[in-house]
Amino acid sequence: MRVPEAALEAALDARRVVVVTGAGMSAESGVPTFRDAQTGLWERYAAEDLATPEAWDRDPAFVWAWYLSRFGAVAHVEPNAGHRAVARWAALADVRVVTQNVDDLHERAGSRDVVHLHGSLASFRCARCETAYAGTVDVPDTEVDRVDPPTCPRCGGRVRPGVVWFGELLPLDAWEQAVALVEAADLVLVVGTSGIVHPAAGLPAVARRAGAAVVEVNPLETDVSDVAHVVWRESAAMALPALVDSLAPALERRRGQA
Ligand code: APR
């Protein structure tokens, strides 16, 4: 796999790297993206019936069942070579991950301090008093349409998935951290996102304005391709290992000299 010269140069020069990821990062692990033709979740389901506060108020058991099935599905897949390459890179250099993904595949690949902009499938909280829910969450063995969400032991409210729904604000601390990281970065790698959903989709432009090199890794053109200095039309699990393999000798030498 040939690594674009400009991408390699930017990565070798960078002292601080931020990898901004979207659903395409987990696609090769078997986690469906949202908008890919035919396979994307929003091609198969109506986002307004599943990923909005209104949908939750209308039919919490339907929404809860769907997120349980996604939570269960992610538990049965593994990080791919792309996730592992990012973790390996972080062991050799200052590399941080900012993700829109609600799966834990970056962490399971060894990445630490991952900034989750859209929450996590593995965290739950009361929809009324916001208390984190630490009780058991049973994933049905078979796909079911409706499952009653658990009840909050503190206030009796319904427990909801810890993800950010359309129309909701991002967790402020995560957003502020993400902006600070990309503003301080020398290189921002944008992997597997269509760049449609804001404010996350605005991060590459924030990085570029702050002087960072922006490299996009995505088989298809996206809404952030114009912001990128380099576009690498490749998949995450193919491109990232090739990039880190190319970088490793120099980074190991650099670490040895430090
Ligand atoms: N490697 C790299 N990129 C890939 C791969 C792959 N193997 N497979 C698909 N892609 C790309 C697609 O070309 C597309 O540009 O990943 C992108 C996935 O885009 P979306 O499905 O729109 O996912 P994302 O950008 O993460 O969505 C943003 O929307 O639904 C909400 O909250 C949800 O976080 C999500 C947000």
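In this text, all values refer to a predicted model and were calculated from it rather than measured experimentally. Note that ligands are numbered from 1 as they come in the structure, with each ligand's atoms numbered from 1 the same way. Residue numbers run from 1 in the order of the sequence given.
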| Within the 6.0 Å centroid threshold, strictly below: F124 and F71 | yes
| field | Charged tip of R160 within 45° of W165 ring normal and under 6.0 Å | value | yes
| Cation over ring face, R58 and W56, 6.0 Å, 45° | no
Present, as a list of atom pairs with distances to 0.1 Å, all nitrogen or oxygen contacts under 3.5 Å between ligand 1 and the protein.
unit_1   : atom_1 : unit_2 : atom_2 : d
ligand 1 : 1 (N)  : G24    : O      : 3.4
ligand 1 : 1 (N)  : A236   : N      : 2.9
ligand 1 : 7 (N)  : E28    : OE1    : 2.8
ligand 1 : 13 (O) : N218   : OD1    : 2.8
ligand 1 : 15 (O) : N218   : ND2    : 2.9
ligand 1 : 16 (O) : G192   : O      : 3.3
ligand 1 : 19 (O) : S194   : N      : 3.4
ligand 1 : 21 (O) : F34    : N      : 2.8
ligand 1 : 21 (O) : R35    : N      : 2.8
ligand 1 : 22 (O) : R35    : NH1    : 2.6
ligand 1 : 22 (O) : S194   : OG     : 2.6
ligand 1 : 25 (O) : T193   : OG1    : 2.6
ligand 1 : 25 (O) : S194   : N      : 2.9
ligand 1 : 25 (O) : S194   : OG     : 3.2
ligand 1 : 26 (O) : A23    : N      : 2.8
ligand 1 : 27 (O) : R35    : NH1    : 3.0
ligand 1 : 29 (O) : R35    : NH1    : 3.2
ligand 1 : 29 (O) : R35    : NH2    : 3.0
ligand 1 : 30 (O) : R35    : NH2    : 3.2
ligand 1 : 30 (O) : W42    : NE1    : 2.8
ligand 1 : 32 (O) : H118   : ND1    : 3.4
ligand 1 : 34 (O) : Q100   : O      : 3.3
ligand 1 : 34 (O) : H118   : ND1    : 2.8

| request: State whether D103 and R108 are salt-bridged, where the test is any N-O pair (Lys NZ or Arg NE/NH1/NH2 against Asp/Glu carboxylate O) under 4.0 Å. | output: no
| field | Parallel, tilted or perpendicular: ring planes of H106 versus H83, cut at 30 and 60 degrees | value | perpendicular
| message | Give me the atom names and distance for the closest heavy-atom approach of P53 to E168. | response | CG-CG, 3.7 Å
